[in-house]
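A quick note: this is a predicted structure, and the numbers were derived from the prediction, not measured. Labels below follow one simple rule: chain letters A, B, ... track the order of the sequence lines, proteins then strands, and each chain is numbered from 1.
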Amino acid sequence: MNLFAEIRTLVTDSLTALAAEGVLPAGLDHAQVAVEPPRDPAHGDMATNAAMVLAKPAGMAPRAIAEALAARLAQDPRVAGAEVAGPGFLNLRLSAVMWQGLVKAVLTEGLSFGKSGMGAGRKVNVEFVSANPTGPMHVGHVRGAVVGDALSRLLAFAGWDVTREYYINDGGAQVDVLARSAYERYREANGLEPEIREGLYPGDYLIPVGEALKARFGTSLLDKDESVWLAEIRDIASAMMMEEIRGDLAALGVRMDVYSSEKALYGTGQIEAAIDTLRGMGLIYEGVLEPPKGKTPEDWEPRVQTLFRSTAHGDDVDRPVMKSDGSWTYFAPDIAYHFNKVQRGFDELIDIFGADHGGYVKRMKAAVSALSNGRVPLDIKLVQLVKLYKNGEPLRDVVEQAGADVTRFMMLTRKNDVTLDFDFAKVLEQSKDNPVFYVQYANARINSVLRKSREAGIDCSDAALAQADLAILSHPAEIEMAKKLAEWPRLVEIAAKGNEPHRVAFYLYELASEFHGLWNKGNDDTSLRFVQEGNAATSAAKVALARATGVVISAGLGILGVTPVEEMR
RNA sequence: GGCCCCGUAGCUCAGGGGAUAGAGCGGCCGCCUCCUAAGCGGCAGGUCGAUGGUUCGAAUCCAUCCGGGGUCACCA
């Protein structure tokens, strides 16, 4: 049940009826007509811009349209009042029954309340994390993981068919470096002094890899040339690192549907096929790039390269796909991988990159645009860096200390393209300064209400509460609470439309705030307490409101991947 | 220098064509014989970086500029 959608339909139906009566010209486009919560609650429950939007095409004064529309809407039983205001806004007040009915709808629909059919089952692929398999995840990856996971849950809730995917960059030079680093740890495991040269990975996390190599090869690879062991150690080490990363993701509560390997693309002809496809479109050529404008690198020299004409699809310069030694650049398998996603039949692609990869956005979009003939949109979300206060902690420690739920919520309290401060002290604090706690506390209070209510002998199943006499919910503060709940389905659609899961976190904070406010009013006005001594009918209605709030909090936290707590400890 | 992101209250940030621009923190003033005060209410605080433009209307869209960050041809 989406009240805003319902009333919007009422408005557009009324406009159509007015056109049929000749009050408005026929054939007006209603696409720009919006029904929204007004900025100022004093303006009513919902406002529509219909009159202002239609004034010009209808050739009428906005207020004239608004008045005609108001008169018509006022006849509908759902509408308690319609007033023209300002330059032509039409402010609507809904009858109390609507809000009471909404509470019932939440209890009836449960965690499905707010689900949307907006995605219409379209297949979307969300690629995220995709950290190189050269070490454990760090805090920066965590944010990408959380954003991608929450976005996936959000899109699924809004009606998309979602595939979560991890692209393993195991085909380039960085895994050779990994292998050489692991080899040194292997020597170390055999009692030799490791030589961690400049450019190798120095991290302790490779020590167990060295041990494993010793267990497997004994001393047989010592003093052997790298040509003997490189490929094998590379595979072993990167597999072990992927295990590490899968463990990190699991600790965070992030699940992937598909792991795709870059290395697996080599030798299958897929890269060649993708490039040939582009060649067939006349988008591959041999050429020389201009030096970067303004700043020419010291060692720049004109060089003939195999280039992708990405400028034909919106990029600023064309991009090399092949090195002079005839091997592919990193970009070529990336193209093939995205081509693969297109061929698998996805209707939409989403990539979540670290902000340091911002320079690849245009070329990646150009490739997808070309390879799908403009059919498949690719949205790339850049996730800004995380500033960790308390420094240098590897991921497991962060999650172990703060908890996956807290970590996840905090990572979503910022838009993806803004840097995020992750302060341990704050995050673990049990106070209203900590948004995670604040939202969880509201849920805990709701559970407390349900407990008390059950002790008072009231049936608190959702089915029973939905049957309560909700007309009892008439106090303005209670109606306000219901109005906030009514925004949930609308928020889901807005967040899904923009691929912006952080909106859910902000909404939950507002919802919790509304609830804490209502709770506290019970201190001064005992008639606003949820459990009313000796009055089962009144209690049931009020508890129903609390429970409905709890349902929406749970649904919202579910999208963030955060477990709602029953009580604070 | 090119491209991308950011610039909104003292601080951290929402809002991204609509009516007097919001929240939290910090500051000041209030609220516990009462379901969890781990909370709630109120006050003070703004030329929405600047300047032009688009239109009935701009924090929001466009252009130019100013700050801050990222990135920039055979590294992924």
Any donor-acceptor pair under 3.5 Å joining the side chain of R445(A) to the base of rC35(B)? no
Determine whether any donor atom in the side chain of N520(A) lies under 3.5 Å from an acceptor atom in the base of rA37(B), or the reverse, and answer yes or no. no
Kindly state whether the pair F89(A) / rG18(B) counts as stacked, where counting means centroids closer than 5.5 Å and planes tilted less than 30° apart. no
Just wondering, do H43(A) and rA19(B) stack (centres under 5.5 Å, planes under 30°)? yes
The residue, L307(A) or E566(A), whose nearest nucleotide of RNA chain B is more 5′ is E566(A)
Using heavy atoms to find the nearest nucleotide of RNA chain B for P87(A) and Q430(A) separately, return the residue whose nucleotide is more 5′. P87(A)
In whole angstrom, what separates [X]'s [atom1] from [N]'s [atom2]?
X	N	atom1	atom2	value
D524(A)	rA37(B)	CG	P	12 Å
K362(A)	rA73(B)	NZ	C1'	17 Å
E36(A)	rU60(B)	CD	C1'	13 Å
L382(A)	rC5(B)	CG	P	8 Å
K521(A)	rC35(B)	NZ	P	18 Å
M52(A)	rA19(B)	CE	P	9 Å
D525(A)	rC35(B)	CG	C1'	14 Å
N434(A)	rC13(B)	CG	C1'	16 Å

Nucleotide nearest [X] when distance is taken to its side chain, options [options]:
X	options	result
N523(A)	rG18(B), rU36(B), rC34(B)	rC34(B)
W519(A)	rC35(B), rU12(B), rA38(B)	rC35(B)
R529(A)	rG18(B), rC34(B), rG16(B)	rC34(B)
F530(A)	rC35(B), rC56(B), rA73(B)	rC35(B)
D316(A)	rG18(B), rC3(B), rC40(B)	rC3(B)
K452(A)	rG39(B), rC35(B), rU12(B)	rC35(B)

For the residue pair Y507(A) and W488(A), categorise the inter-ring angle as parallel (less than 30°), tilted (30 to 60°) or perpendicular (more than 60°). parallel
Check this for me, if you would: do [X] and [Y] make a salt bridge, where the nitrogen-to-carboxylate-oxygen distance has to be below 4.0 angstrom?
X	Y	result
K426(A)	E429(A)	no
D235(A)	K263(A)	yes
E127(A)	K341(A)	yes

Remember a base hit wins even if backbone is also touched, and classify [X] as base, sugar-phosphate or nothing at under 4.0 Å, heavy atoms.
X	value
R319(A)	nothing
A47(A)	base
E262(A)	sugar-phosphate
D40(A)	base
M322(A)	nothing

Report the distance from atom [atom1] of [X] to atom [atom2] of [Y], rounding to the nearest 0.5 Å.
X	Y	atom1	atom2	value
E262(A)	N169(A)	CD	CG	5.0 Å
E500(A)	L412(A)	CD	CG	12.5 Å
L178(A)	M241(A)	CG	CE	6.5 Å

What dot-bracket string describes RNA chain B from 5' to 3', counting Watson-Crick and G-U wobble pairs whose defining distances are under 3.5 Å, with [ ] for crossing pairs and | for pairs to another strand? (((((((..((((....[...)))).(((((.......))))).....(((((..]....))))))))))))....
Syn or anti for rC32(B), please, going by whether the chi angle lies within 90° of 0. syn
Dump every N/O contact between nucleotides 21-26 of chain B and the protein below 3.5 Å, one line per pair.
unit_1: rC25(B); atom_1: OP1; unit_2: K432(A); atom_2: NZ; d: 3.0

Distance, C1' atom - from rC3(B) to rU60(B), rounded to whole angstrom: 23 Å
Between rG70(B) and rA58(B), how far apart are the two C1' atoms, rounded to whole Å? 29 Å
Scan for salt bridge (charged side-chain N to carboxylate O under 4.0 Å, His left out) pairs involving residues 357-369 of chain A, sequence neighbours excluded, and state none if there are none. D316(A)-K362(A)
Got a sec, which residues hit ring pair (Phe, Tyr, Trp, His ring centres under 6.0 Å) with [X], two or more places apart in sequence or on another chain?
X	result
H357(A)	Y360(A)
F409(A)	none
Y337(A)	Y167(A)
H141(A)	H138(A)

Looking only at heavy atoms, the pair that brings A546(A) and I446(A) closest together is O-CG2, 3.4 Å
For the residue pair A540(A) and L465(A), what are the closest heavy atoms and their distance? O-CD2, 3.7 Å
Give me, pair by pair, the N or O atoms of the protein and of nucleotides 65-71 of chain B that are less than 3.5 Å apart, along with how far apart they are.
unit_1: rG70(B); atom_1: O2'; unit_2: A355(A); atom_2: O; d: 3.4

May I ask you to verify if any side-chain N or O of [X] is less than 4.0 angstrom from the OP1 or OP2 atom of [N]?
X	N	value
R503(A)	rG15(B)	yes
W300(A)	rC72(B)	no
S448(A)	rU36(B)	yes

Decide whether N132(A) and T134(A) meet the rule of one side-chain donor and one side-chain acceptor closer than 3.5 Å. no
Side chains of Q305(A) and S324(A): any donor to acceptor distance under 3.5 Å? no
Which of residues 330-341 of chain A have a heavy atom under 4.0 Å from RNA chain B? Y330(A)
Contact check, residues 410-417 of chain A vs RNA chain B, heavy-atom distance under 4.0 Å, returns R414(A), K415(A), D417(A)
ring-ring contact (aromatic ring centres under 6.0 Å, His included): which pairs involve residues 414-443 of chain A, sequence neighbours left out? F422(A)-F424(A), F437(A)-Y441(A), Y438(A)-Y509(A), Y438(A)-H516(A), Y441(A)-H516(A)
Residues that E244(A) engages under salt bridge (Lys or Arg N to Asp or Glu O under 4.0 Å), provided they are two or more places apart: none
Against the six-membered ring of F4(A), is R490(A) placed for a cation-pi contact (under 6.0 Å from the centre, within 45° of the normal)? yes
